[in-house]
Structure formats: structure tokens, C-alpha cells
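Order of listing sets the numbers, starting from 1, for every ligand and every atom in it. As the structure is a prediction and not an experimental result, all values here were calculated from the model.
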Amino acid sequence: MAAEKLLARLVAVADNGAISLGPDIVVDGHRCGAVARVTTHIHNDHTRGLSTSLRRLALHIATPLTHDLLEAMGYRVDPSRRVDVSYGAKLRIGDAMLRLLPARHVPGSAQVVVDIDGLLLGYTGDFKLPGTEPIRGAEVLVVDATYGMPEWRRPWQDEVEYLLPDLVNDALMKGPVNIYAYNGKIEEVLLLLRSHGVDAPVVAPRRKYRMLRVLEKHGYRIGDVLPEGSAEALEAERGGWVIRFRSFSEWSRRRRLAGVNVKLTGWEFQAPYRWLNTRDLVVSFSDHADFDQLVRYVAEARPRLLVVDSARGGAAARVFAEYARRRLGLQAVAAP
Ligand SMILES: [Zn+2]
């Protein structure tokens with residue numbers, strides 16, 4: 001099939017999650033021989049092999065915010081290789097013209113568009129809607145399909161953005177609120193809470209604290225954020241009117257902290273939120289498109305060939321590719 005040949009020549013998704021857009025550019029994974037690596041955002045499944053790329057490839061490309069967050073996470077980006085690309089700006093690499101476009105996911109996230117002699121190749125990175133403008137007219141578009149199964153729907157996704165600040169504010173009246181979330185989601189949730197008037201001091205683990213300060217440097221309003229264990233943090237915790245951010249993996253040890261525990265998870269499809277008991281609350285909150293949003297995105301993007309990333313999406317990628325073929329009439333494959 002002609003489209004498959006095109007795919008093999010220009011675009012590849014490797015088992016390690018590295019996405020090649022043309023011969024010189026690799027995204028969110030390492031590939032020997034590439035000239036430039038792009039990192040779309042700071043999540044672990046998009047920074048695989050990053051230390052190797054930072055040592056061996058000539059250029060590392062990201063938004064200025066993602067670069068600063070990566071450095072706060074401990075990556076050392078040699079200034080001679082670091083190329084900050086703001087949303088919409090163009091960068092020439094060999095025969096390719098590269099652009100990063102906004103993706104609503106975690107602060108700094110980007111979609112990648114590469115134009116090689118008028119042939120458009122794209123990768124969505126992780127995203128959700130609204131707030132992510134689809135890449136239209138691509139010859140080949142690689143899409144993330146974390147929630148690619150038709151039963152993975154969260155019709156309340158917008159509503160949760162109002163519900164969560166209310167739930168947190170109500171709980172704060174009784175004492176501390178401990179929020180358990182994955183890396184990256186913490187940044188997004190803090191900004192959401194602040195924009196809805198939740199002003200309680202936030203206590204964050206040291207590394208998180210550094211990352212939140214990076215957001216502040218980039219103009220985001222993070223409010224009162226204190227490093228865990230500091231005198232100010234201890235004082236705020238004694239007062240009880242405080243939000244503590246904890247990593248998702250600590251949920252099983254939540255009994256060690258006083259207050260209400262809130263788990264943020266994208267894998268809750270029954271209701272926007274549910275109380276497990278009087279102290280433990282699970283909120284269906286994701287920074288990824290659910291199935292309906294994925295359909296909306298690709299239906300608007302209508303690439304000539306859709307490649308669904310199965311290095312990250314697993315079995316859901318195959319299901320989604322099949323859906324795109326049958327129901328949306330797109331040429332679609334899952335890869336690898
Ligand atoms: Zn992500």
C-alpha cells in the first residue's frame with residue numbers, strides 16, 4: 001500500500017517509544033543517527049533515553065518551559081545543544097522545517113509538526129480538549145491514544161474542573177487536604193485551583209517545589225508554595241489550612257497524614273468523583289483526551305495516514321486504529 005511505504009520512509013514509531021518524523025528528527029525517545037531530539041513534555045514515558053540523547057545528539061528541542069522543568073528534574077542540558085522553540089516559531093533542521101504547537105496537557109506540552117518539502121508530518125504528543133488545536137492536513141499524523149478504548153469516556157471532564165476546586169475548598173474547612181497525583185498533573189492541578197480562588201498554602205516535596213518555582217518564573221500564578229519540611233511548611237501544617245501534594249504512589253500510605261485524601265486518576269469512568277469513606281475521595285481527573293475527544297481530534301485533523309502510538313497506548317492503540325478505519329473512514333495503523 002502506498003501509504004504504508006510512505007510511513008516506512010518518513011515516519012516510524014519504535015518499540016522504545018521514539019517517534020521519527022523524517023530522517024533527522026526523533027521525538028520522545030532516543031534514536032542513534034538522529035540530528036535532533038524533541039521532548040514534547042516532562043512525563044516519564046516521553047523522556048525515555050533522554051540522558052543518552054542529551055549526550056549523543058547534536059540538538060535538543062523543547063519549549064523553553066519544558067527545558068527549564070527538565071533541568072529542575074535533574075537533567076543536564078548542554079547550552080550548546082539546547083534549542084528553545086516557542087509555540088509557532090519555525091526551526092530549520094536539514095530539509096525539514098519544525099514547529100511546536102500548543103497541547104493542553106501539562107505546562108510546557110507541545111505538538112510537533114515537521115514540513116519536508118511541503119509534506120506535513122505531525123505528532124500530537126499527549127493532549128486533551130478543548131485547548132489543543134488539531135494538526136490539520138498532515139500526510140502522516142502520529143496520535144497518542146492512552147484512552148483509545150470506546151468504553152474509556154469521561155463526559156464530565158469539563159465539569160470536574162469546577163467540581164475539584166469546590167471539593168478541595170469544602171474539605172479545607174475541616175483540615176488539611178492531601179492530593180495524590182502523578183508528576184505533571186500536580187502542576188496542572190495547582191494552576192487550576194489557583195485560578196478558581198483556592199488560596200491555601202501548598203506544601204510540596206522539594207523536587208516538586210523546584211518545578212513549581214519554574215512555573216512561577218514563566219509567569220504562572222502559583223500562590224503560596226512551601227517546600228516540605230521547611231519551618232514555614234511545618235507552621236502551615238500545624239494551622240491545618242493547607243494543601244499537601246503527594247506522589248500518586250504514596251496513596252497506599254495515606255493514613256500517615258491527617259486530613260482528607262484526594263486521589264486524582266484518569267482511570268475512573270463511573271462518576272466524576274466518589275467518596276470511599278469520610279476521608280478518602282477519588283476524583284476522575286485526567287490530563288489526557290478520553291475516547292470521545294480522541295475521535296473529535298482525528299475527525300478534525302483528517303490526516304492522509306493516521307498512526308496510533310501503541311508503544312504507549314498498548315492494545316488501546318490497535319482498537320482505536322480499527323475504529324478510525326471503520327467509523328471515520330481514515331487510513332489508520334497502530335505502530336509499532
Ligand atoms: Zn503526558
Side-chain angles (χ1 to χ4, degrees), residues 13-14 16-19 21 26-30 37-50 53 60-70 72-75 87 100-112 122-135 141-149 152 154 157 160-161 179-192 207-208 211-212 214-215 218 220 245 247-249 263-268 283-291 293-294 297-298 307-314 316-317 320:
V13 183
N16 69 358
I19 293 162
L21 298 179
V26 66
V27 187
D28 289 357
H30 181 71
R37 166 154 178 173
V38 182
T39 299
T40 59
H41 67 288
I42 58 170
H43 282 156
N44 295 345
D45 56 336
H46 296 260
T47 54
R48 284 184 214 150
L50 180 55
S53 296
H60 184 263
I61 295 165
T63 60
L65 176 52
T66 292
H67 264 139
D68 286 352
L69 288 170
L70 289 172
M73 289 164 75
Y75 288 101
Y87 296 128
L100 301 182
L101 302 179
R104 180 160 168 237
H105 180 56
V106 298
S109 294
Q111 309 184 80
V112 186
Y123 170 46
T124 63
D126 292 347
F127 69 95
K128 66 177 170 182
L129 302 181
T132 305
E133 194 59 33
I135 298 168
L141 176 69
V142 182
V143 68
D144 168 72
T146 301
Y147 295 98
M149 299 278 195
W152 291 343
R154 291 178 299 265
Q157 199 145 306
V160 165
E161 300 195 356
I179 298 180
Y180 297 78
Y182 283 117
N183 206 10
K185 208 179 273 187
I186 286 175
E187 288 82 354
E188 190 198 0
V189 168
L190 176 63
L191 298 178
L192 174 75
R207 199 176 76 159
K208 274 285 135 208
M211 294 173 74
L212 293 170
V214 170
L215 293 187
H218 283 260
Y220 291 91
F245 277 119
S247 88
F248 194 82
S249 60
K263 177 163 89 169
L264 303 181
T265 172
W267 296 101
E268 174 66 47
V283 178
S284 172
F285 185 94
S286 178
D287 36 30
H288 284 274
D290 69 352
F291 179 80
Q293 293 184 7
L294 278 174
Y297 184 107
V298 300
V307 178
V308 188
D309 175 359
S310 64
R312 296 174 184 83
F320 189 73

| task | Would you name the N/O/S atom of D126 that lies closest to the Zn ion (ligand 1)? | result | OD2
| query | Any side-chain donor paired with an acceptor under 3.5 Å for H60 and T39? | reply | yes
| query | So, the side chain of Y182 versus the backbone of T265: is there a donor-acceptor pair under 3.5 Å, distance only? | reply | no
| said: Any non-hydrogen side-chain atom of I42 less than 4.5 Å from a side-chain atom of M211? | reply: yes
| Do any N/O/S atoms of H105 come under 2.8 Å of the Zn ion (ligand 1)? | yes
| request: Output yes if H288 passes the N/O/S-under-2.8 Å test against the Zn ion (ligand 1); output no otherwise. | output: no
| query | Can you name the N, O or S atom of H43 that is closest to the Zn ion (ligand 1)? | reply | ND1
| request: Go through the steps to decide whether E187 and Y220 satisfy the test side-chain contact (heavy atoms from CB on, under 4.5 Å), and finish with yes or no. | output: CA-CA 10 Å; E187 288 82 354; Y220 291 91; over 6 Å; no
